[in-house]
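Worksheet: the structure to be examined is printed underneath.
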Protein chains: 2
Amino acid sequence: MKSQNQTPSTDTLKDRTHERLQELILTGDLVPGSKLLETQVAARLDVSRATLREAMIRLSEIGLLVNLPFRGTYIRKLDRVDLQEIYSFRTGLEKMAFQFGWDKRDLISLADLQMRNERLCQTISDNDAFGAIMAELHLHDWCYELSGHSLLLQSWERLKPNLQFYFAMHQKAHDRAGPLRESHDEYIRLAKGDNLDEMLRHLEDHMQQGLQNTQSFLDTTSPG
Amino acid sequence: MKSQNQTPSTDTLKDRTHERLQELILTGDLVPGSKLLETQVAARLDVSRATLREAMIRLSEIGLLVNLPFRGTYIRKLDRVDLQEIYSFRTGLEKMAFQFGWDKRDLISLADLQMRNERLCQTISDNDAFGAIMAELHLHDWCYELSGHSLLLQSWERLKPNLQFYFAMHQKAHDRAGPLRESHDEYIRLAKGDNLDEMLRHLEDHMQQGLQNTQSFLDTTSPG
DNA sequence: GAGATCAATATTGTCGACAATATTATTAAT
DNA sequence: ATTAATAATATTGTCGACAATATTGATCTC
C-alpha cells in the first residue's frame, strides 16, 4: 500500500528548515544585524540544533547570514556598498544570460515572457507589494532559464535571496515601494526584438534605475 | 598567560575537515562518481559524522559533491558539458573582473601580475605539474582581486575548485598536462596595455584554448 | 571610581546514539 | 528460472548531551 520509492523522499527536515528560516529573514521577522541564538531559533522552528545548523550553513553561503566561528551567526546587515555590488554583479550576470540565450528565443519562450510581465502588472495593480516583488524576480528568471546554463542559473538563484532581502526591507520601510507598472516595458520590447547590443545597453540603465529605487530608503533608515 | 581573544579562534574542526576533504577530492584520492560513505570518511578523517556532514554541505554547494537526500553523497563526475559550462561561465566572470578592475591598475598591481606569471613559468620549468596548476589559478586570481568586487571574487572562489578538479584529473590521466610555458604571454601583455576591448576579446580565445586542452583527455578516459 | 583579574553563565562546537529511509538478501509464487 | 513480496542489513537523517570557547558579572587593586 505504501507508495514506496515512487516518490523518493525529496523532503528532508533540514531543507524545510532552510526554507522556513529564509522566509523569516525575508519577511523581516528577524531584524538585520541581530544575532541568531541557535537554541532559541531551533526551539521556535521546533527542530534540533544540529538540523538548524545544517540549514544555516547554506544561508551563510548565500550571504543572508554571516557566521563568525565561536561568536555566532548574524542576520545580514543593510549596507549601501553591498547593495551596489549586488546590482553590479546582477547586471553582469543578466548580460551573460541574454548573450547565452539570445539565439534560443522562440515563440513559446517569448509568449512566456509576455505572461510573466502581465502577471507582474497585475500584482502591481492589485497593490500586492510582496506579490510584485516575487513577480518581478520571476520575470527576470526568464533569461536565466532561457540561457540553459546551469551555473549561471545557480549563481542567480544564490543572488536572488539577497535582492529579495533588500526589496523586502525597502517595502517594510515605506510600504508603497514595489516596482513601477511600466518599468519593464522597454525591457520586454527589447527582449522581443533583434538587437542584442541594444538589449545589453538597456540592462545597464534598467539595473541602475532599480538600484536607485532600492537604494533610496537606505539613507533614511540607517545613516552609516 | 593565555593569548585570550587576541587570536579569536578562527579554526573550527569543521573548516579543517572541509579543507582536508576537498584536498582528498582534488588529489583524485576519492574517485569521481563514487559514493561517499559518511561513517567511512568520518573515520578516515577522525571526526564525527555531524562534523563531516557540515563540511560536506559546503562542498555540495560548490558542486564538488552531489547530495541526494536519503541516497547519499557522490563525488562529482567528469562530464564534457559540465566542463564547457565551467569555462563559458568562467569567461564571463573574468571579463567582468577586467571591466571592473581596468581603471584600478597601477604600477604595483601590474608588478604583482608580472610576478605571478614568472612564478608560473618557474613551476612549469621545474616540471612541477601540481604547482603549475596552482600557479596558473593564482595568476588568474589577480584580476578578481583587482576588481575589488567581493561578490565576483566569491563567485570565482566557488568556481575555482571545480576547475582545479578537472585540471587534477587531466594531470592524473596523462601526467604531462599542465599549462604551456608561453600560454599567458599575450594575456599579460594585453593586461598591461590600454585596450580593454582587445583584452576582453583575447579572453575568449584564451579560455577556448584552455578548454580544448583540458577537454582533450575526456575522450580517452570516459566515452559517455 | 576606573580598570584589571578571575569566577559564573551562556553559547557555540563536537560527539555518540537512535529513528527513518534505502539497499541488499531471502523466500515464495508462478 | 524469473519475478514479486518480505525480512535483514546498511546508510542517512535527526536528536540530546557534553566539551570548548566566549560573554557577562563579581571581586580586587590602585
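Here salt bridge (Lys or Arg N to Asp or Glu O under 4.0 Å) pairs that include residues 21-33 of chain A, with residues two or more places apart or in two chains, are Asp29(A)-Arg44(A). Screening residues 145-156 of chain A for side-chain hydrogen bond (donor to acceptor under 3.5 Å, both in side chains) gives Arg116(A)-Glu145(A), Asp141(A)-Trp156(A), His149(A)-Ser88(B), Ser150(A)-Glu85(B) as the qualifying pairs, with residues at least two apart or on separate chains.
Note: Tyr187(A) and His206(A) have tilted aromatic rings, judged against thresholds of 30 and 60 degrees for the angle between ring planes.
In this structure, Asp15(B) places its CG atom 18 Å from P of dA20(D), rounding to the nearest Å. The CZ-C1' distance, from Phe70(B) to dT12(D), rounds to 8 Å in whole Å. Leu37(B) places its CG atom 15 Å from the C1' atom of dG13(D), with the value rounded to the nearest Å. Distance CG (Asp11(A)) to P (dT14(D)): 10 Å, rounded to an integer number of Å. The CZ atom of Arg16(A) sits 13 Å away from the P atom of dG13(D) (whole-angstrom rounding). When the P atom of dT14(C) is taken as reference, atom CG of Leu45(B) falls 14 Å away, rounded to whole Å. The NE2-C1' distance, from His18(B) to dT14(C), rounds to 18 Å in whole Å. Protein atom CD of Gln40(A) is 8 Å distant from nucleotide atom P of dT11(C), rounded to whole Å.
Contacts of Thr51(A) classified as side chain to side chain contact (heavy atoms under 4.5 Å, CB included), with partners at least two apart in sequence or in another chain: Leu13(A), Lys14(A), Thr17(A), Val47(A), Ser48(A). Residues satisfying the side chain to side chain contact (heavy atoms under 4.5 Å, CB included) criterion with Gln114(B), sequence neighbours excluded, are Glu118(B), Ile188(B), Lys192(B). In this structure Lys77(B) satisfies the side chain to side chain contact (heavy atoms under 4.5 Å, CB included) test with no other residue, sequence neighbours excluded.
Across the interface with DNA chain D, nearest-nucleotide mapping of Tyr74(A) and Thr39(B) shows Thr39(B) to be the residue nearer the 5′ end.
Look at Arg53(B) and you'll find a side-chain N or O under 4.0 angstrom from OP1 or OP2 of dG13(D).
With distances taken from any side-chain atom of Arg71(B) to the nucleotides dA22(C), dT14(C), dA22(D), the minimum falls on dA22(C).
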Would you tabulate the pairs of protein nitrogen or oxygen atoms and nucleotide nitrogen or oxygen atoms of nucleotides 15-18 of chain C closer than 3.5 angstrom?
residue	atom	partner	partner atom	Å
dC15(C)	OP2	Ser48(B)	N	3.0
dC15(C)	OP2	Ser48(B)	OG	3.1
dC15(C)	OP2	Thr51(B)	OG1	2.9

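Leu36(B) comes within 4.0 angstrom of the backbone, heavy atoms only, and of no base.
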Before you tell me yes or no, could you show the steps for Arg105(B) and Asp112(B) under salt bridge (charged side-chain N to carboxylate O under 4.0 Å, His left out), namely the whole-Å CA-CA distance, both residues' side-chain angles and the distance that decides it to 0.1 Å?
CA-CA 11 Å; Arg105(B) 293 171 305 154; Asp112(B) 183 21; over 6 Å; no
